[in-house]
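Structure first, commentary second.
Scope of the values below: all heavy atoms of this structure, side chains included, with no hydrogens, waters or symmetry mates.
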Amino acid sequence: MWELQSASFWRAIFAEFFATLFYVFLGLGASLHWGPGPLPVLQVALAFGLALATLVQAVGHISGAHVNPAVTFAFLVGSQMSLLRAFGYMAAQLLGAVVGAAMLYSVTPPAVRGNLALNTLHPGVSVGQATAVEIFLTLQFVLCILATYDERRNGRLGSVALAIGFSLTLGHLFGMHYTGAGMNPARSFAPAILTRNFTNHWVYWVGPIIGGGLGSLLYDFLLFPRLKSASERLSILKGTRPRDSTAQPEGTGEPVELKTQAL
């Protein structure tokens, strides 16, 4: 519980709230259907990708810019953050998403508000197929995040923010016609609350959470294993204060930021 006394912990929580608010506001705002004709998939994909890339650049060094409960769950499965921090992140993400969607709803003309709920299944796509699509979309996204954030890599190729933004863009380019490309339970939850439309809503939680968990297991235990003992992993999950040479003095009350959050 020492994290609760840390200023950097609360800064990270606020960063997740703030970033998710703007992610939903900008991403969904660019996805509103204002006129006749189909909504350009490329426009939506680039909007979400560029929004996330911008936010990773802005707050990635503060919280890791997860902006997504599925991403936070992936880091938790890989024992890269404490349970307390993970739950704090998820709560901040959901609240930020709802506030961002509410802000968008308030500045949008009533005739356009009905398009706020972007996540809808194509009439020919079953819930099983939709869940599988959401799993694979989130899996590739989480793999990209884990690989680009990994401090063990000998040099990084290009911009971390752009790599993550492109991965999200790719997911939208593929998934828009299937499910609307959720890939983020918070982003799907917020408009569902405002429009009171929870049809097949569970797909946008189950798919991304499974995809995030599988991505973490695949990367951290098979592709590029982290050599941690069970006791070390348990210590991280419990949030035990670090005692190594990189830890800050006890009197400061400041935690050491997760290395995977350093961009």
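Residues L76 and W205 do not share a hydrophobic cluster, defined by chaining ILVMFWY side chains whose heavy atoms lie under 4.5 Å apart. Connection of L143 to F48 is established within a shared hydrophobic cluster, with ILVMFWY side chains joined at heavy-atom distances below 4.5 Å, either directly or through further cluster members. Note: the hydrophobic cluster containing V59 does not contain M90 (ILVMFWY, side chain heavy atoms under 4.5 Å, direct or indirect links). Hydrophobic clustering keeps F166 apart from V44 (ILVMFWY residues linked when any side-chain heavy atoms are closer than 4.5 Å, directly or through intermediates). Transitive grouping of hydrophobic side chains (ILVMFWY, heavy atoms separated by less than 4.5 Å) brings V71 and L95 into a common cluster.
Within 6.0 Å of NE2 in H177 there are 12 or fewer heavy atoms belonging to other residues, nucleotides or ligands. Crowding of R152 atom CZ: a count of heavy atoms from other residues, nucleotides or ligands under 6.0 Å exceeding 12. Counting heavy-atom neighbours within 6.0 Å of F87 CZ, excluding the residue itself, gives a total of 12 or less. Other residues, nucleotides and ligands contribute over 12 non-hydrogen atoms within 6.0 Å of the OH atom of Y219.
Within the 3.5 Å criterion, the main-chain N or O of L28 finds no donor-acceptor partner in the side chain of Y23. Judged purely by atom type and a 3.5 angstrom limit, W10 uses its side chain to pair as donor or acceptor with the backbone of L4. With hydrogens and angles ignored, the 3.5 Å screen pairs no side-chain donor or acceptor of H66 with any backbone N or O of N68. Between the side chain of R187 and the backbone N or O of G27, no donor-acceptor pair lies under 3.5 Å. In terms of modelled atom types and a separation under 3.5 Å, the side chain of T54 and the main chain of L50 share a donor-acceptor contact. No side-chain donor-acceptor contact under 3.5 Å links S216 to the backbone of V77. Although no hydrogens or angles enter the test, the distance criterion places a donor-acceptor pair under 3.5 Å between the side chain of Q140 and the main chain of L137. The main-chain N or O of V127 is found under 3.5 Å from a side-chain atom of T131 such that the two form a donor-acceptor pair. A donor-acceptor distance shorter than 3.5 angstrom exists from the side chain of T148 to the backbone of I145, with no hydrogens or angles considered. E16 places no side-chain N or O within 3.5 Å of a backbone atom of I13 that could act as its donor or acceptor partner.
Between F18 and F22, the ring planes lie tilted relative to each other; the angle falls in the 30° to 60° range. By the 30° and 60° cut-offs, the orientation of the rings of F14 relative to F17 is tilted.
Put simply, OG on S31 and CD on Q43 are 7.5 Å apart, with the number rounded to the nearest 0.5 Å. The line from CZ of F9 to CH2 of W2 is 10.0 Å long, rounded to the nearest 0.5 Å. The CG atom of L214 lies 9.0 Å from the CZ atom of F136; values are rounded to the nearest 0.5 Å. Distance NZ/K238 to CZ/R233: 16.0 Å, rounded to 0.5 Å. A distance of 8.0 Å separates OG of S82 from CG of L237, quoted to the nearest 0.5 Å. The CD atom of E134 lies 12.5 Å from the CG atom of L139; values are rounded to the nearest 0.5 Å.
Nearest heavy-atom pair, T138 versus A70, reported as atom, atom and distance to 0.1 Å: CG2-CB, 4.1 Å. Closest approach of G171 to A181, counting heavy atoms only: O-CB, 3.9 Å.
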With salt bridge (Lys or Arg N to Asp or Glu O under 4.0 Å) as the test, would you mind laying out the steps for E3 and R11 before giving the verdict?
CA-CA 11 Å; E3 287 185 299; R11 281 196 297 268; over 6 Å; no
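A salt bridge does not link D220 to K228: none of the charged side-chain nitrogens sits closer than 4.0 Å to a carboxylate oxygen.
Put simply, the side chain of L32 reaches to within 4.5 Å of the side chain of L104, judged on heavy atoms. Two residues are said to be in side-chain contact when any heavy atoms from C-beta on lie closer than 4.5 Å; Y89 and F75 fail this criterion. Residues M176 and L118 are in side-chain contact: their nearest non-hydrogen atoms beyond the backbone lie under 4.5 Å apart. Between T179 and Y204, some side-chain heavy-atom pair lies under the 4.5 Å cut-off. Between Q80 and L146, the closest side-chain pair of non-hydrogen atoms falls below 4.5 Å. With contacts defined as side-chain heavy-atom distances shorter than 4.5 Å, the pair D150/R226 qualifies. Using a 4.5 Å cut-off on side-chain heavy atoms (C-beta onward), T72 and M81 make contact.
Using modelled atom types and a 3.5 Å distance limit, the side chains of Q93 and N184 yield no donor-acceptor pair.
In this structure, the ring pair (Phe, Tyr, Trp, His ring centres under 6.0 Å) partners of F174, at least two apart in sequence or on a different chain, are Y178.
Between N197 and the options T195, N200, T199, a side chain to side chain donor-acceptor pair (under 3.5 Å) holds for only T199.
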